[in-house]
*Asks:* 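The structure's right below; bear with me while I get my questions together.
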Amino acid sequence: MAKKKRIVIALGGNALGNTLPEQMAAVKVTAKAIVDFIEEGHEVIVTHGNGPQVGMVNNAMIALTNEDASQPNTPLSVCVAMSQAYIGYDLQNALREELLNRNITNIPVATMITQVRVETDDPAFAFPSKPIGKFVDAAMAEKMEEKFHYIMKEDAGRGYRRVVASPKPVEIIEADTIRTMVNAGNLVIACGGGGIPVIREGNHLKGTSAVIDKDFVSCLLAKELDADYLIILTAVEKIALHFGQPQEAWLDEVSAEKANEYIAQGHFAPGSMMPKVQAAVDFAVSKPGRYALITLLEKAKEALAGTTGTLFHL
């Protein structure tokens, strides 16, 4: 068997579905793909997004506030924590079940509610652009601005949505605990939704209204854990130049230097493929022998074997 690898797998939205019933079905498929790696002897750490989920939690909390004046508005950081817990609940149960189905009985599964520190002077706070929650009309948008001090922006004629900052992660607060659990043989789900965004005030960690990109924090976690591979799972089998155009060209592998050239040329969409490629490059250059892969969930095993996906290297 090939040498055991330590792998951080960053799950995209297609691995979790968009509703509670969809999520319960999706995580069963996701668990099979993850346990494939474990069955081959690799160590796996799982991270995931929370795009639709944190929006649903946020909407529910706003509805509660509107229905009961005694209920204060729920901070976005708390909504992220809630989404981490309920996604982790479904995901860890699906993983445990899949492990037992394959007679793997010695790997505990646990979700770590993870805080991620950001800097108060991160430029993103001056230019909030990450949409969250549902579309509302102009009257409701004005009410939400007045009542909750939200920043609301019109979105391509579809209505108004709240926008928040997306600062860069600088520290995973629970990194040492996650490392201890992984070293003890646990399958750990961590940094859900990019982590709960916090700022440091002395010894106090204060939640802040932000959404951290899950690919950037997955890269940071992979470096913290000295992983061999960062696998970013998304909606395409490989990344492409000129995506969706007649001259579209799929990439099997790419050096970090070449990938940075492609980024500068504008080949990858901001807020979509761009952060995935940036995170992949960041991890690949962080230490010799580290690699990143971008591929489909269903193709993850084949990608690690070198038969598909886009491989990033020094």
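Since we're looking at a predicted model, the values are computed, not measured.
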*Asks:* Which word best sums up how the rings of His42 and Phe37 line up, parallel for under 30°, tilted for 30 to 60°, or perpendicular for over 60°?
*Replies:* tilted

*Asks:* With a cutoff of under 4.5 Å between side-chain heavy atoms, which Ile, Leu, Val, Met, Phe, Trp and Tyr residues group with Leu296?
*Replies:* none

*Asks:* Are the side chain of Arg102 and the backbone N or O of Lys32 linked by a donor-acceptor pair below 3.5 Å?
*Replies:* yes

*Asks:* Do Asn183 and Arg6 have side-chain atoms, one donor and one acceptor, less than 3.5 Å apart?
*Replies:* yes

*Asks:* With rounding to the nearest 0.5 angstrom, report the CG to CZ distance, Leu221 to Phe283.
*Replies:* 10.0 Å

*Asks:* Are side-chain heavy atoms of Met152 and Val136 found at a separation under 4.5 Å?
*Replies:* yes

*Asks:* Quick check with a 6.0 Å cut-off and a 45 degree axis cone: is Arg158 positioned over the face of Phe135's six-membered ring?
*Replies:* no

*Asks:* Taking atom types as modelled, is there a side-chain donor on Thr65 or Gln71 under 3.5 Å from an acceptor on the other?
*Replies:* no

*Asks:* Scan Ile294, Leu230, Leu293 and name whichever one has a side chain to side chain contact (heavy atoms under 4.5 Å, CB included) with Phe312.
*Replies:* Ile294

*Asks:* Other than Val80, what residues sit in its cluster of Ile, Leu, Val, Met, Phe, Trp and Tyr side chains whose heavy atoms are under 4.5 Å apart, directly or through others?
*Replies:* Val54, Leu76, Ile113, Ile132, Val164, Ile173, Ile196, Val198, Leu205, Val211

*Asks:* Check whether any side-chain N or O of Gln92 sits under 3.5 Å from a backbone N or O of Thr111 as a donor-acceptor pair, and report yes or no.
*Replies:* yes

*Asks:* Answer yes if the side chains of Glu171 and Gln115 hold a donor-acceptor pair under 3.5 Å, and no otherwise.
*Replies:* no

*Asks:* Would you please test Thr47 and Leu11 for side-chain contact (heavy atoms from CB on, under 4.5 Å) and show each step?
*Replies:* CA-CA 6 Å; Thr47 67; Leu11 301 176; over 6 Å; no

*Asks:* Mind checking ring-ring contact (aromatic ring centres under 6.0 Å, His included) for Phe216 and listing every partner two or more places apart, or none if nothing turns up?
*Replies:* none

